[in-house]
Student: 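Provided herewith is a single structure, encoded as structure tokens, for subsequent inquiry.
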Amino acid sequence: MSNVSQSNRVLSGMRPTGQLHLGNYHGALRNWVDLQYQYPCFFFVADWHALTTGYEDTSKLPEYTHEMVIDWLAAGLNPGVATLFVQSHVPEHAELHLLLSMITPLSWLERVPTYKDQQAELAEKDLATYGFLGYPLLQSADILLYRPGYVPVGEDQVAHVEITREVARRFNHLFGREANFESKAEKAVAELGGRNSSLYRQLRKKFQETGDAESLEKARALVTGNTRITVADRERLLGYLEGSSVAILPEPQVLLTPTPKLPGLDGRKMSKSYGNTIGLREEPDSVAKKLKTMQTDPARVRRSDAGDPDKCPVWSLHQVYSDQSTRDWAAAGCRSAGIGCLECKKPLIDRVVDEATTLRKRAEEYENNPELVRAILTEGCEKARDAARETLDEVRRAMHLRGD
Ligand code: TRP
Ligand code: SF4
């Protein structure tokens with residue numbers, strides 16, 4: 001049987017960088033908001049990850065975490081639907097990281113592309129630490145701890161999910177499959193309840209005896225459609241259908257986030273470290289001021305010069321924010337010098353201000369009530385720990401550590 005996870009759980013994390021900007025929003029957060037209604041989702045603040053590239057000044061971590069979670073909530077992440085938590089509040093991440101570190105060859109970590117790239121890019125920082133080298137493995141632990149089917153990330157993180165899969169494969173190879181699989185699977189069948197249990201048994205029997213693909217499909221649908229059983233039981237039931245067993249750490253798949261090109265004010269990628277951002281909850285005056293001075297097609301010096309939208313970062317923002325007719329108007333007006341850049345930016349300013357205003361309003365409730373944010377995270381943390389403990393129990397048992 002393949003080790004690829006059959007779970008529909010989604011897991012992803014974000015480093016706490018304080019208030020988010022439009023690039024973060026359109027790159028990841030908006031996608032999370034959509035996903036939460038399609039899959040059971042776990043989203044966490046990767047605060048330990050922040051330490052891997054900056055351990056000297058940790059004083060801002062609480063504020064950055066708090067502000068980012070407010071952005072999550074303002075953007076529409078719904079704690080009634082998705083599980084929101086902070087990595088360092090779930091110490092199980094550290095234990096799994098430690099155990100996985102025992103079986104991970106150094107060469108795997110050294111060849112992760114971000115290792116050398118970031119050392120070159122962030123030359124002013126001390127990245128010659130153990131923590132920095134190990135950070136993709138910490139990420140592997142973050143992921144495998146929840147046994148998700150999918151990990152939504154941008155292009156830059158794909159290599160980290162890839163190493164996660166390699167580590168899972170190695171773990172499963174070394175420590176085998178779940179102990180007492182049969183009896184656990186039988187228990188899980190009973191959990192399905194009455195009619196569903198017997199239907200599952202019938203379908204499984206038919207598939208195993210005749211190889212009938214339709215029975216397999218039906219049984220799978222029966223299992224994945226059941227929301228009362230645990231993720232671990234779902235994995236077992238799916239594995240049991242094909243007869244054999246289930247991997248202790250199933251391999252998750254990347255869910256590549258489509259990331260629109262979102263330039264910052266200077267035309268480079270929008271990034272906090274470039275200081276070229278517009279905040280998700282920025283005040284109208286400030287949004288207007290920033291956009292008015294935003295870089296345009298450098299060849300368009302005078303109002304009477306025709307411009308080329310493809311050479312203009314403002315145009316990329318139109319792709320994200322404007323409807324077709326506004327875009328047609330802007331492109332034609334630019335090419336014919338029929339409109340000036342300020343005119344072109346006007347509808348964009350309106351849209352961004354609208355969006356920021358909506359988010360600011362939604363954030364107010366949380367800003368005025370930090371306790372509410374803390375309560376949401378505490379509840380999320382409890383749910384996350386339940387899931388994490390289930391995995392770690394099996395991992396420990398497989399490794400003959402505290403086997404009971
Ligand atoms: N490394 C990711 C980043 O820098 C954040 C992250 C940490 C993450 N753990 C994760 C993302 C687990 C997905 C899954 O953006
Ligand atoms: Fe850019 Fe619009 Fe000015 Fe053209 S008119 S250069 S698209 S801002």
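Everything numeric in this text was worked out from a predicted model, so none of it was measured.
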Student: Considering all heavy atoms of both residues, which atom of Lys290 and which atom of Thr277 are nearest to each other, and what is their separation?
Tutor: NZ-O, 2.8 Å
Student: Considering only residues two or more places apart or on different chains, which pairs with a residue in residues 319-335 satisfy salt bridge (Lys or Arg N to Asp or Glu O under 4.0 Å)?
Tutor: none
Student: Distance-only, no hydrogens or angles: does the Asp34 side chain make a donor-acceptor pair with backbone N or O of Asn31 under 3.5 Å?
Tutor: no
Student: Which value, rounded to the nearest 0.5 Å, describes the distance between Ile143 atom CD1 and Glu251 atom CD?
Tutor: 12.0 Å
Student: Would you check if the side chain of Arg170 reaches a backbone N or O of Ile103 as a donor-acceptor pair within less than 3.5 Å?
Tutor: yes
Student: Run Ile163 and Ser140 through side chain to side chain contact (heavy atoms under 4.5 Å, CB included) and show every step you take.
Tutor: CA-CA 7 Å; Ile163 189 175; Ser140 302; 4.1 Å; yes
Student: For Glu92 and Arg396, run salt bridge (Lys or Arg N to Asp or Glu O under 4.0 Å): C-alpha distance rounded to whole Å, both residues' side-chain angles, the deciding distance at 0.1 Å, then the answer.
Tutor: CA-CA 12 Å; Glu92 284 77 6; Arg396 289 193 199 108; 5.8 Å; no
Student: Taking all non-hydrogen atoms of both residues, which atom of Val167 and which atom of Thr104 are closest, and how far apart?
Tutor: CG2-OG1, 4.1 Å
Student: I'd like to know whether Phe43 forms a side chain to side chain contact (heavy atoms under 4.5 Å, CB included) with Val10, so could you lay out the CA-CA distance, the side-chain angles of the two residues, the decisive distance to 0.1 Å, and finally the verdict.
Tutor: CA-CA 8 Å; Phe43 297 126; Val10 160; 4.2 Å; yes
Student: Report the C-alpha distance between Met294 and Cys341 in whole Å, list the side-chain angles of each, state the deciding distance to 0.1 Å, and finish with yes or no for side chain to side chain contact (heavy atoms under 4.5 Å, CB included).
Tutor: CA-CA 10 Å; Met294 179 169 177; Cys341 289; over 6 Å; no
Student: Check whether any side-chain N or O of Asn369 sits under 3.5 Å from a backbone N or O of Glu365 as a donor-acceptor pair, and report yes or no.
Tutor: no
Student: Does Arg147 reach the main-chain N or O of Leu249 with its side chain, forming a donor-acceptor pair under 3.5 Å?
Tutor: no
Student: If every non-hydrogen atom of Ala331 is compared with every non-hydrogen atom of Trp315, which pair is closest and at what distance?
Tutor: CB-CH2, 3.7 Å
Student: Look only at the side chain of Thr83 and the backbone of Lys383, and say whether a donor-acceptor pair between them is shorter than 3.5 Å.
Tutor: no
Student: Would you say the side chain of Asp308 lies within less than 4.5 Å of the side chain of Cys334, judging by non-hydrogen atoms?
Tutor: no
Student: In terms of ring plane angle, is the pair Tyr39 and Tyr150 parallel, tilted or perpendicular, where the classes change at 30° and 60°?
Tutor: tilted
Student: Using side-chain heavy atoms (C-beta onward) and a distance below 4.5 Å, is Leu203 in contact with Leu216?
Tutor: no
Student: Ring-plane angle category for Phe85 and His93, please: parallel below 30°, perpendicular beyond 60°, tilted otherwise.
Tutor: tilted
Student: Within the supplied structure, the quantity of interest is the number of heavy atoms (other residues, nucleotides, ligands) at a distance under 6.0 Å from Lys272 NZ; does it exceed 12?
Tutor: yes
Student: Are Trp72 and Val45 close enough that some pair of their side-chain heavy atoms sits under 4.5 Å apart?
Tutor: yes
Student: Would you call Arg351 and Asp354 a salt bridge, taking side-chain N to carboxylate O under 4.0 Å as the test?
Tutor: no
Student: When you measure from the side chain of Arg169 to the backbone of Pro250, do you find a donor-acceptor pair of N or O atoms at a distance under 3.5 Å?
Tutor: no
Student: Keeping Thr58 on the side-chain end and Tyr55 on the backbone end, is there a donor-acceptor pair under 3.5 Å?
Tutor: no
Student: Would Glu382 and Arg385 pass as an ion pair if we require N to O under 4.0 Å?
Tutor: no
Student: With the side chain counted from C-beta on, respond yes when Cys381 and Val86 share a heavy-atom pair under 4.5 Å apart, and no when they do not.
Tutor: no
Student: List the steps and the verdict of side chain to side chain contact (heavy atoms under 4.5 Å, CB included) for Met14 and Phe44.
Tutor: CA-CA 7 Å; Met14 214 184 269; Phe44 70 97; over 6 Å; no
Student: Do the side-chain N and O atoms of Ser88 and Asp47 include a donor-acceptor pair separated by under 3.5 angstrom?
Tutor: yes
Student: Evaluate side chain to side chain donor-acceptor pair (under 3.5 Å) for Gln36 paired with Asn78, printing each intermediate quantity in order.
Tutor: CA-CA 8 Å; Gln36 71 183 337; Asn78 177 348; 5.5 Å; no
Student: Is any side-chain heavy atom of Thr391 closer than 4.5 Å to a side-chain heavy atom of Val395?
Tutor: yes
Student: So, the side chain of Gln87 versus the backbone of Asp142: is there a donor-acceptor pair under 3.5 Å, distance only?
Tutor: no
Student: Between Leu291 and Leu317, is there a side-chain heavy-atom distance shorter than 4.5 Å?
Tutor: yes
Student: Looking only at non-hydrogen atoms, find the nearest pair between Thr52 and Gly131 and report the distance.
Tutor: CG2-O, 3.7 Å
Student: Please answer whether the main-chain N or O of Ser322 pairs with a side-chain N or O of Thr326 as donor and acceptor at a distance below 3.5 Å.
Tutor: no
Student: Side chains of Arg362 and Leu73: does their closest heavy-atom pair fall under 4.5 Å?
Tutor: no
Student: Could I get the full list of ring pair (Phe, Tyr, Trp, His ring centres under 6.0 Å) partners for Tyr321, not counting sequence neighbours?
Tutor: His26
Student: Has the side chain of Arg234 got a donor or acceptor atom that lies under 3.5 Å from a matching backbone atom of Leu237?
Tutor: no
Student: Could you give the side-chain donor-acceptor pairs of residues 15-22 under 3.5 Å, partners two or more places apart or in another chain?
Tutor:
unit_1, atom_1, unit_2, atom_2, d
Arg15, NH1, His49, O, 3.2
Arg15, NH1, Thr53, OG1, 3.0
Gln19, NE2, Glu67, OE1, 3.2
His21, ND1, Gly23, N, 3.0
His21, ND1, Asn24, N, 3.3
His21, NE2, Asn24, OD1, 3.4

Student: Do Glu214 and Phe207 have side-chain heavy atoms sitting under 4.5 Å apart?
Tutor: no
Student: What distance do Leu61 atom CG and Ser59 atom OG have between them, rounded to the nearest 0.5 Å?
Tutor: 8.0 Å
Student: Quick one: closest heavy-atom pair of Arg281 and Ala363, and the distance?
Tutor: CD-CB, 3.5 Å
Student: To the nearest 0.5 Å, what is the distance between CD (Glu364) and CG (Asn368)?
Tutor: 6.0 Å
Student: About how many Å separate CZ of Arg389 and CG of Leu145, when rounded to the nearest 0.5 Å?
Tutor: 11.0 Å
Student: Any salt bridge linking Glu371 with Arg374? Criterion: basic side-chain nitrogen under 4.0 Å from a carboxylate oxygen.
Tutor: yes
Student: Please walk me through it: do His160 and Tyr135 pass ring-ring contact (aromatic ring centres under 6.0 Å, His included)?
Tutor: CA-CA 9 Å; His160 299 155; Tyr135 121 69; 5.2 Å; yes
Student: Would you mind checking if Arg360 and Glu282 are paired as a salt bridge, meaning a charged N to carboxylate O distance below 4.0 Å?
Tutor: no
Student: Which residue in the set Leu144, Leu99, Leu100 passes side chain to side chain contact (heavy atoms under 4.5 Å, CB included) when paired with Phe171?
Tutor: Leu100
Student: I need the Asp266 CG to Gln295 CD distance, nearest 0.5 Å.
Tutor: 7.5 Å
Student: Considering non-hydrogen atoms only, spot the tightest contact between Tyr366 and Val373 and give its length.
Tutor: CB-CG2, 3.8 Å
Student: Does a sphere of radius 6.0 Å around CD in Glu155 hold more than 12 heavy atoms from other residues, nucleotides or ligands, not counting ones at 6.0 Å or beyond?
Tutor: no
Student: To the nearest 0.5 angstrom, please state how far the CZ atom of Arg30 sits from the CG atom of Leu280.
Tutor: 11.0 Å
Student: Among Glu394, Glu191, Glu390, which residue satisfies the salt bridge (charged side-chain N to carboxylate O under 4.0 Å, His left out) criterion with Arg236?
Tutor: Glu394
